S.K.: 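This is the structure I have questions about; it appears just below.
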Amino acid sequence: MADYQEFLDSIDREAYHAGEWQWEEDGYTVTRTYHYSPPGCHTSCGILLYTKNGKVERVEGDPLDPCTNGKLCIKCLTLAESVNNPDRLRYPMRRAGERGENKWERISWDEAYDEIESRVKDIWETDGGNAIICVHGTGRNINWQMPFFGQAALKTPNISTFGFTGFSCYMPRVCGCIAPFGDFTVVDASQAHEDRYGNEEWIPPEVVVVWGNEPLASNADGYVGHWLVQCVQMGTKIISIDPRLTWWGVRAEYWLQVRPGTDAALACAWLNVIIAEDLYDHECVDLWCAGFDELAEAVADMTPEWAAEICDLDADAIRGSARLYASANPGAIQWGLAFDQQLSAMALCLAGCDLMAVCGNVDVPGGNILVHNAFECNAGYASGEDFTPPEWRAKKLNNNFALSIEGGDFVAHASSDGLLQAIEDGFPYPIKMMWIQSSNTLSCPSQDAPRVMHAMQKIPFIVNADPYMTPTSVALADLVLPVAMSAERNSARTWWTPARAMVKVASYYEAKSDEQIIVELGRRLNPEVFGRWENDIDFVNWYLHDGTGSFSATTEATSQGGAKNSRLR
């Protein structure tokens with residue numbers, strides 16, 4: 001902690017223009033802003049963009065950013081190469097040949113908007129907005145924008161990801177946390193404090209379990225992998241649970257090379273050891289844990305020997321690693337996508353939560369802290385649903401309506417399986433249009449690309465908005481729209497604290513940002529809602545002031561002259 005304070009003291013704050021967001025330096029305009037890297041880090045990193053004549057020339061980490069302290073991964077460092085790539089889409093284009101021939105004619109934005117407006121309104125008249133599907137990719141900075149656009153502008157309830165079954169990315173962990181804890185949990189690597197490692201209330205975890213996750217590469221869960229590296233430098237011990245040998249496994253006290261898909265058995269064996277050997281936190285269990293006796297009974301027979309055979313691990317390694325985690329004060333678990341992408345996903349997530357809870361590591365310094373969206377800006381997948389007519393909203397292709405699956409739906413999105421069924425079979429109704437925003441549907445999320453392509457060929461009209469011409473664009477799109485990248489857009493998103501904004505400092509031909517497209521097309525399709533905003537900055541300021549995806553009593557005031565009272569730089 002003292003070393004960190006020395007690091008802060010060593011920074012020449014004047015040289016990095018503390019308190020300023022933009023300045024001139026050696027012929028460049030330098031902008032202090034944030035960047036979400038494709039396909040979508042959860043944490044937006046603080047960067048310094050060096051631009052000249054409206055072009056991004058280079059990127060540096062911002063040493064004054066309290067979260068990243070100037071560190072960046074390759075996804076940010078290569079931003080100049082990405083935004084200036086000559087293969088990017090430059091203009092709106094209409095298909096000139098058959099689908100798959102890759103023949104296009106350049107059109108204007110007004111021509112593209114005219115065709116989209118006409119098609120959408122015809123579908124409303126003949127089939128209803130529910131006959132439109134709106135699909136978005138994993139760009140973390142369109143998570144609230146696209147649901148709002150789909151439901152408030154296209155007036156369709158059928159917003160989702162597409163091409164794979166279920167929600168095998170993040171949702172099991174999110175819902176698995178919220179059920180027992182009330183909020184999501186991440187390792188406390190001091191990121192909740194503005195003075196970070198120098199804060200006297202924070203202590204580094206004694207042990208971190210890096211489970212099915214590579215923080216240095218993915219930066220998931222609102223996380224920056226460098227934070228854990230610094231914890232290791234402060235003495236934190238590592239347990240790595242991963243079929244692959246990673247940076248963490250090389251440095252781990254235990255590397256458990258678990259057989260893929262058997263993590264739940266390992267988690268239950270850990271619970272067995274911790275409870276049977278009386279290693280759990282009695283005070284925490286007595287005061288905060290419901291159902292402990294039932295849990296103890298459920299895992300009583302799930303010994304390390306039992307799990308070793310299932311997981312292809314050594315029983316002594318399972319027992320020793322469980323003891324190490326339980327003995328840590330505090331200990332923490334940094335989990336990853338492997339928790340979601342297996343058949344036992346929800347059971348595994350709940351077992352992980354049980355481990356955090358019985359060891360007293362929930363919401364304590366250096367443990368697993370509970371996190372929430374900054375400033376209560378919670379617009380998400382349900383954003384804008386109040387502006388879809390009720391009779392169309394009632395036909396959302398969710399599990400209950402489309403697939404007759406009993407029980408509530410997992411998330412506010414429509415069901416990916418329900419969407420595919422409707423496209424393939426026309427049941428419970430045919431699909432007449434698909435809007436794809438920054439998702440290379442065929443090449444990325446589709447588990448069965450030939451099946452998905454065959455199905456999508458049945459859709460009469462497909463619009464694909466993307467920075468690049470993708471295989472999905474070539475094979476299926478009728479219109480392609482060029483989308484601006486992060487340095488070219490005014491935008492904002494909350495994840496965990498702090499709120500992060502982007503400011504436009506460059507342009508690429510006729511590419512427009514997600515927010516520009518949403519507002520401009522939204523004003524044509526639903527002027528009653530979108531007419532409140534003159535431009536993208538008004539739209540983003542509304543989000544930052546309201547943050548729920550619906551209109552409040554203060555919306556009118558915050559949308560008037562948005563830039564004047566802007567939180568957006």
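None of these values were measured; they are calculated from a predicted model.
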S.K.: Okay, side chain of Arg88, backbone of Val83: is any donor-acceptor separation there less than 3.5 Å?
M.R.: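 Judged by distance alone, yes, a pair lies under 3.5 Å.
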S.K.: Would you say that Met456 contacts Val452 through its side chain, given a criterion of any heavy-atom pair below 4.5 Å between the two side chains?
M.R.: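 Sidechains of Val452 and Met456: in contact.
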S.K.: Just so I know, are the side chains of Leu72 and Cys45 near enough to count as touching, which here means a heavy-atom distance under 4.5 Å?
M.R.: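 Leu72 reaches Cys45 side chain to side chain.
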S.K.: Distance check, rounded to the nearest 0.5 Å: Glu117 atom CD versus Asp122 atom CG?
M.R.: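 Reported value, rounded in 0.5 Å steps: 10.5 Å.
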S.K.: Less than 3.5 Å apart, any donor N or O on the side chain of Thr31 or Gln22 sitting next to an acceptor on the other?
M.R.: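 Yes, Gln22 and Thr31 have a side-chain donor paired with an acceptor closer than 3.5 Å.
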S.K.: Taking all non-hydrogen atoms of both residues, which atom of Arg489 and which atom of Ser513 are closest, and how far apart?
M.R.: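 Closest approach of Arg489 to Ser513: CB-CB, 3.4 Å.
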S.K.: Donor-acceptor pair, Ser160 side chain versus Ala414 backbone, under 3.5 Å?
M.R.: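 Yes, because the side chain of Ser160 sits within donor-acceptor range (under 3.5 Å) of the backbone of Ala414.
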S.K.: Tell me whether the guanidinium CZ or amine NZ of Lys155 lies under 6.0 angstrom from the six-membered ring centre of Trp392 and within 45° of its axis.
M.R.: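 The answer is no, since Lys155 fails at least one limit relative to Trp392.
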S.K.: For the pair Arg523 (side chain) and Glu528 (backbone), establish whether a donor and an acceptor sit closer than 3.5 Å, ignoring hydrogens and angles.
M.R.: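 Between the backbone of Glu528 and the side chain of Arg523 there is no qualifying donor-acceptor contact (under 3.5 Å).
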S.K.: In plain terms, say whether Arg58 and Glu81 are close enough for a salt bridge, that is, a side-chain N and a carboxylate O under 4.0 Å apart.
M.R.: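 No.
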S.K.: Between Met146 and Cys134, what is the shortest heavy-atom contact and its length?
M.R.: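 Scanning both residues, the minimum pair turns out to be CE-SG, 4.0 Å.
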S.K.: Quick one: does Asn373's side chain have a donor or acceptor within less than 3.5 Å of a partner on Glu376's backbone?
M.R.: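 No.
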S.K.: What is the minimum heavy-atom distance between Glu510 and Pro92, and which atoms define it?
M.R.: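 The answer is OE1-CD, 3.6 Å.
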S.K.: Would a 4.5 Å heavy-atom cut-off, applied to side chains only, mark Arg90 and Pro482 as touching?
M.R.: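 Sidechains of Pro482 and Arg90: no contact.
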S.K.: Test your reading of the model: is there a side-chain donor-acceptor pair from Asn526 to the backbone of Ala152, 3.5 Å cut-off?
M.R.: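 A pair under 3.5 Å: yes.
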S.K.: Could you state the interatomic distance from NZ (Lys396) to CG (Leu419), rounded to the nearest 0.5 Å?
M.R.: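 Result: 10.5 Å between the selected atoms.
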S.K.: Determine whether a donor-acceptor pair (N or O, by modelled atom type, separation under 3.5 Å) exists between the side chain of Asp466 and the backbone of Tyr468.
M.R.: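 Answer holds: yes.
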S.K.: Within 45 degrees of the axis of the six-membered ring of Phe184 and under 6.0 Å from its centre: does Arg173 put its NZ or CZ there?
M.R.: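 Because its charged atom misses either the 6.0 Å distance or the 45° angle limit, Arg173 does not stack over Phe184.
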S.K.: Can you tell me if Thr185 uses its side chain to pair, donor with acceptor, with the backbone of Ile369 under 3.5 Å?
M.R.: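 At least one qualifying donor-acceptor pair exists.
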S.K.: Please confirm whether the backbone N or O of Ser383 pairs with a side-chain atom of Gln151, one donor and one acceptor, at under 3.5 Å?
M.R.: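 It does hold such a pair.
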S.K.: May I have the step-by-step check of side-chain contact (heavy atoms from CB on, under 4.5 Å) for Thr33 and Arg500, ending in yes or no?
M.R.: CA-CA 8 Å; Thr33 185; Arg500 296 172 175 89; over 6 Å; no
S.K.: Got a second to check how far Ser491's OG is from Ile142's CD1, nearest 0.5 Å?
M.R.: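 One gets 10.0 Å once the value is rounded to the nearest 0.5 Å.
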S.K.: Distance from Ile107 atom CD1 to Arg94 atom CZ, nearest 0.5 Å?
M.R.: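 Reported to 0.5 Å precision, the distance equals 4.5 Å.
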S.K.: Decide, yes or no, whether a salt bridge links Arg393 with Glu385 under the criterion of side-chain N to carboxylate O below 4.0 Å.
M.R.: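 Looking at Glu385 together with Arg393, the answer is no, because their closest N to O distance does not fall below 4.0 Å.
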S.K.: Using ring centroids (six-membered ring only for Trp), state whether Phe148 and Trp144 fall under 6.0 Å.
M.R.: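 Aromatic pair excluded; centres sit 6.0 Å or further apart.
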S.K.: What orientation do Phe401 and Tyr429 show, parallel under 30°, tilted 30 to 60°, or perpendicular over 60°?
M.R.: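 Answer is tilted, since the angle falls between 30° and 60°.
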S.K.: Please say whether more than 12 non-hydrogen atoms of neighbouring residues, nucleotides or ligands are located less than 6.0 Å from NZ in Lys121.
M.R.: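 Count over threshold, so yes.
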S.K.: Compute whether any side-chain donor of one residue and acceptor of the other, for Tyr50 and Thr29, lie under 3.5 angstrom apart.
M.R.: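 No, no side-chain donor-acceptor pair sits under 3.5 Å.
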S.K.: Kindly indicate whether the side chain of Lys432, heavy atoms from C-beta on, has any atom under 4.5 Å from the side chain of Ile132.
M.R.: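 Side-chain contact under 4.5 Å: no.
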S.K.: side-chain contact (heavy atoms from CB on, under 4.5 Å) between Asn102 and Trp104: does it pass, once the steps are laid out?
M.R.: CA-CA 6 Å; Asn102 202 21; Trp104 305 91; 2.8 Å; yes
S.K.: Regarding Arg32 and the six-membered ring of Trp23, is the cationic atom NZ or CZ under 6.0 Å from the ring centre and inside 45° of its axis?
M.R.: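 Pair Arg32/Trp23 does not count as cation-pi.
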S.K.: Tell me whether the centres of the aromatic rings in Phe149 and Trp435 are closer together than 6.0 Å.
M.R.: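 That pair passes the under 6.0 Å test.
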S.K.: Using modelled atom types only, decide if a donor and an acceptor are shared between the side chain of Ser118 and the backbone of Asp114 within a distance under 3.5 Å.
M.R.: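 Not at all, since once roles are kept as given, no pair shorter than 3.5 Å links the two residues.
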S.K.: Give a yes or no on this: more than 12 heavy atoms of other residues, nucleotides or ligands lie within 6.0 Å of atom NZ of Lys395.
M.R.: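 Counting neighbours around NZ of Lys395, 12 or fewer heavy atoms of other residues, nucleotides or ligands fall under 6.0 Å, so no.
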S.K.: Using 30° and 60° as the class boundaries, would you call the ring planes of Trp533 and Phe530 parallel, tilted or perpendicular?
M.R.: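 The arrangement is perpendicular - the two ring planes meet at more than 60°.
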S.K.: Check the side chains of Glu515 and Asn490 for a donor-acceptor pair under 3.5 angstrom, ignoring hydrogens and angles.
M.R.: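 No, no side-chain donor-acceptor pair sits under 3.5 Å.
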S.K.: Under the side-chain hydrogen bond (donor to acceptor under 3.5 Å, both in side chains) rule, what pairs show up with a residue in residues 469-479, not counting sequence neighbours?
M.R.: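 Listed once each, the pairs are Arg95-Asp478, Arg99-Asp478, Asn440-Thr472, Asn464-Ser473, Thr470-Ser473.
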S.K.: Count the heavy atoms of every other residue, nucleotide or ligand shown that sit under 6.0 Å from CD of Glu24, and state whether that count exceeds 12.
M.R.: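 Yes, CD of Glu24 has more than 12 neighbouring heavy atoms, counting only those of other groups under 6.0 Å.
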S.K.: Do the side chain of Asn398 and the main chain of His413 share a donor and acceptor less than 3.5 angstrom apart?
M.R.: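 Judged by distance alone, no pair lies under 3.5 Å.
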S.K.: Which atom names give the shortest non-hydrogen contact between Gly46 and Thr68, and what distance separates them?
M.R.: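 Gly46 and Thr68 have their closest heavy atoms at N-OG1, 3.8 Å.
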S.K.: Heavy atoms, side chains only, cut-off 4.5 Å: are Ser439 and His136 in contact?
M.R.: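 Of all side-chain heavy-atom pairs linking His136 with Ser439, none is under 4.5 Å.
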S.K.: So which heavy atom on Leu79 is nearest to which on His35, and how close?
M.R.: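 For Leu79 and His35, the tightest heavy-atom pair comes out as CD1-CE1, 3.5 Å.
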S.K.: Looking at Asn53, I want to see if its CG is surrounded by more than 12 non-hydrogen atoms of other residues, nucleotides or ligands under 6.0 Å.
M.R.: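 Counting neighbours around CG of Asn53, 12 or fewer heavy atoms of other residues, nucleotides or ligands fall under 6.0 Å, so no.
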S.K.: So, for Pro460 and Ile431, which heavy atoms are closest and what is the spacing to 0.1 Å?
M.R.: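 Minimum heavy-atom separation between Pro460 and Ile431: CD-O, 3.6 Å.
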S.K.: Can you find a heavy atom in the side chain of Glu115 that is under 4.5 Å from one in the side chain of Phe461?
M.R.: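 Sidechains of Phe461 and Glu115: in contact.
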S.K.: Hey, are Glu520 and Arg524 close enough for a salt bridge, meaning a charged N less than 4.0 Å from a carboxylate O?
M.R.: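 So Glu520 does not pair with Arg524 through a salt bridge.
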S.K.: Using a 4.5 Å cut-off on heavy atoms from C-beta on, say whether the side chain of Asp536 contacts that of Asp538.
M.R.: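 No; the side chains remain at least 4.5 Å from each other.
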S.K.: I'd like to know if Lys504 pairs up with Glu488 as an ion pair, taking the criterion as any Lys NZ or Arg NE/NH1/NH2 lying under 4.0 Å from an Asp or Glu carboxylate oxygen.
M.R.: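 No, this pair does not count.
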S.K.: Side chains of Cys349 and Asp340: does their closest heavy-atom pair fall under 4.5 Å?
M.R.: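 The answer is yes, as the side chains (C-beta and beyond) meet within the 4.5 Å cut-off.
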